**Q** 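Have a look at this one.
What you see is a predicted model; the values in this text were computed from it and never measured.
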Amino acid sequence: MGGARRAHLFTLAALVPPPAGPGPVKVDPLLERLVRELSPNPAYVMNPWWDALAYNDAYAELLGGLDRRSADERNILRIVFTESRGPGLFADWLGEARSLAGQLRVALARYPDDPRGPALLESLLDSSEAFRVLWDERNVNGFTSARKELRHPRLGRVDLDCLKLADARDEKLSLMVFLPARENGSD
């Protein structure tokens with residue numbers, strides 16, 4: 001039974017459908033195309049565990065060699081917290097890292113039946129002292145659109161406005177888009 005039919009039956013029964021269970025995530029080909037077409041603006045599709053499932057060349061360049069990584073290594077939290085380049089990615093690394101840890105806490109509460117979340121949490125706690133310290137702060141953060149000040153080894157400082165959009169077909173997928181920063185954030 002398709003997801004829309006299943007959700008409709010739950011609605012007719014005045015019940016809330018349980019969250020989608022674990023399983024391989026497939027990114028809609030049209031969404032993948034959109035990500036590519038957004039270039040030269042960096043963009044990627046992620047799941048609640050910050051796995052980069054689809055991304056464009058601009059985002060791969062921004063993170064430095066995303067294409068050279070296996071799918072399992074394309075996890076933004078692992079890059080930020082466990083790689084030597086992680087602390088140098090953002091001008092305000094501590095603020096970004098604190099926000100990411102808080103967002104992971106929200107995702108774990110929202111998707112308690114997805115084994116990927118606890119596995120990622122355990123891995124980060126085992127491999128990153130900085131993550132352990134921030135996790136112990138027990139911050140809870142939702143994502144907010146914001147200006148990101150990144151440090152790129154070749155380009156230097158790059159200021160980008162970051163926006164997160166939900167996938168209408170799969171609540172576990174989000175599109176992250178980075179636009180060149182402007183003075184007032186719009187135009």
Side-chain angles (χ1 to χ4, degrees), residues 3 6-7 10 16-29 31-32 35 42-56 59-60 62-90 92-144 146 148 150 162-178:
R6 182 174 176 271
F10 273 94
V16 175
V25 177
K26 293 185 181 182
V27 177
D28 184 286
L31 183 55
E32 286 185 20
V35 167
Y44 72 102
V45 176
M46 65 175 224
N47 61 17
W49 317 121
W50 292 82
D51 293 314
L53 304 173
Y55 52 90
N56 61 19
Y59 187 71
L62 190 63
L63 280 193
L66 208 52
D67 285 332
R68 293 189 297 271
R69 301 169 185 270
S70 69
D72 290 341
E73 296 172 322
R74 294 181 193 143
N75 181 276
I76 308 311
L77 294 176
R78 282 201 176 102
I79 293 169
V80 168
F81 285 105
T82 68
E83 293 189 8
S84 59
R85 181 166 182 255
L89 276 174
F90 299 100
D92 178 17
W93 182 85
L94 182 58
E96 294 293 336
R98 183 173 280 127
S99 175
L100 289 171
Q103 289 175 63
L104 178 58
R105 191 176 295 280
V106 170
L108 286 163
R110 186 170 183 188
Y111 303 107
D113 297 329
D114 188 335
R116 175 83 174 97
L120 176 62
L121 175 61
E122 183 177 341
S123 170
L124 291 169
L125 288 169
D126 288 346
S127 59
S128 171
E129 175 65 25
F131 180 80
R132 282 191 298 277
V133 168
L134 293 174
W135 189 254
D136 286 344
E137 290 179 2
R138 291 178 170 66
N139 288 326
V140 177
N141 294 61
F143 176 86
T144 56
K148 307 288 182 185
L150 289 98
C162 181
L163 176 68
K164 182 179 181 181
L165 304 170
D167 183 327
R169 293 180 60 159
D170 186 341
E171 71 166 15
K172 285 188 165 185
L173 297 183
S174 298
L175 170 64
M176 300 290 284
V177 180
F178 298 83

**Q** So which of L134, I76, L125 actually passes side chain to side chain contact (heavy atoms under 4.5 Å, CB included) with F81?
**A** L134
**Q** Side chain to side chain contact (heavy atoms under 4.5 Å, CB included) between W49 and L104: does it pass, once the steps are laid out?
**A** CA-CA 7 Å; W49 317 121; L104 178 58; 3.7 Å; yes
**Q** Using the test ring-ring contact (aromatic ring centres under 6.0 Å, His included), find all partners of W50 that sit at least two apart in sequence or belong to another chain.
**A** none
**Q** On a heavy-atom basis, which atom in N141 and which in S99 lie closest, and how many Å separate them?
**A** CB-O, 3.9 Å
**Q** What pair of heavy atoms forms the shortest contact from G117 to L108, and how long is it?
**A** C-CD2, 3.4 Å
**Q** Using the side chain to side chain donor-acceptor pair (under 3.5 Å) criterion, which residues pair with R105? Sequence neighbours excluded.
**A** none
**Q** Which heavy atom of P87 sits nearest a heavy atom of W93, and at what distance?
**A** CA-CD1, 3.2 Å
**Q** Just by distance, do the side chain of N56 and the backbone of V35 share a donor-acceptor pair under 3.5 Å?
**A** yes
**Q** Any ion pair linking R169 and D28 (charged N to carboxylate O, less than 4.0 Å)?
**A** yes
**Q** Holding to side chain to side chain contact (heavy atoms under 4.5 Å, CB included), I want the full list of residues that pass it with R78, two or more places apart in sequence or in another chain.
**A** N75, T82, R116, L120, S123, L124
**Q** I'd like to know if the side chain of E122 and the backbone of A119 have a donor-acceptor N/O pair within less than 3.5 Å.
**A** no
**Q** Restricting to non-hydrogen atoms, name the atom on Q103 and the atom on G142 that form the minimum distance, rounded to 0.1 Å.
**A** CG-C, 4.1 Å
**Q** Could you check whether K172 pairs with D114 (Lys NZ or Arg NE/NH1/NH2 to Asp/Glu carboxylate O, under 4.0 Å)?
**A** yes
**Q** Should the pair K26-E32 be classified as a salt bridge under the 4.0 Å nitrogen-to-oxygen rule?
**A** no
**Q** Could you tell me which non-hydrogen atom of A107 sits nearest to which non-hydrogen atom of P48, and how far apart they are?
**A** CB-O, 3.7 Å
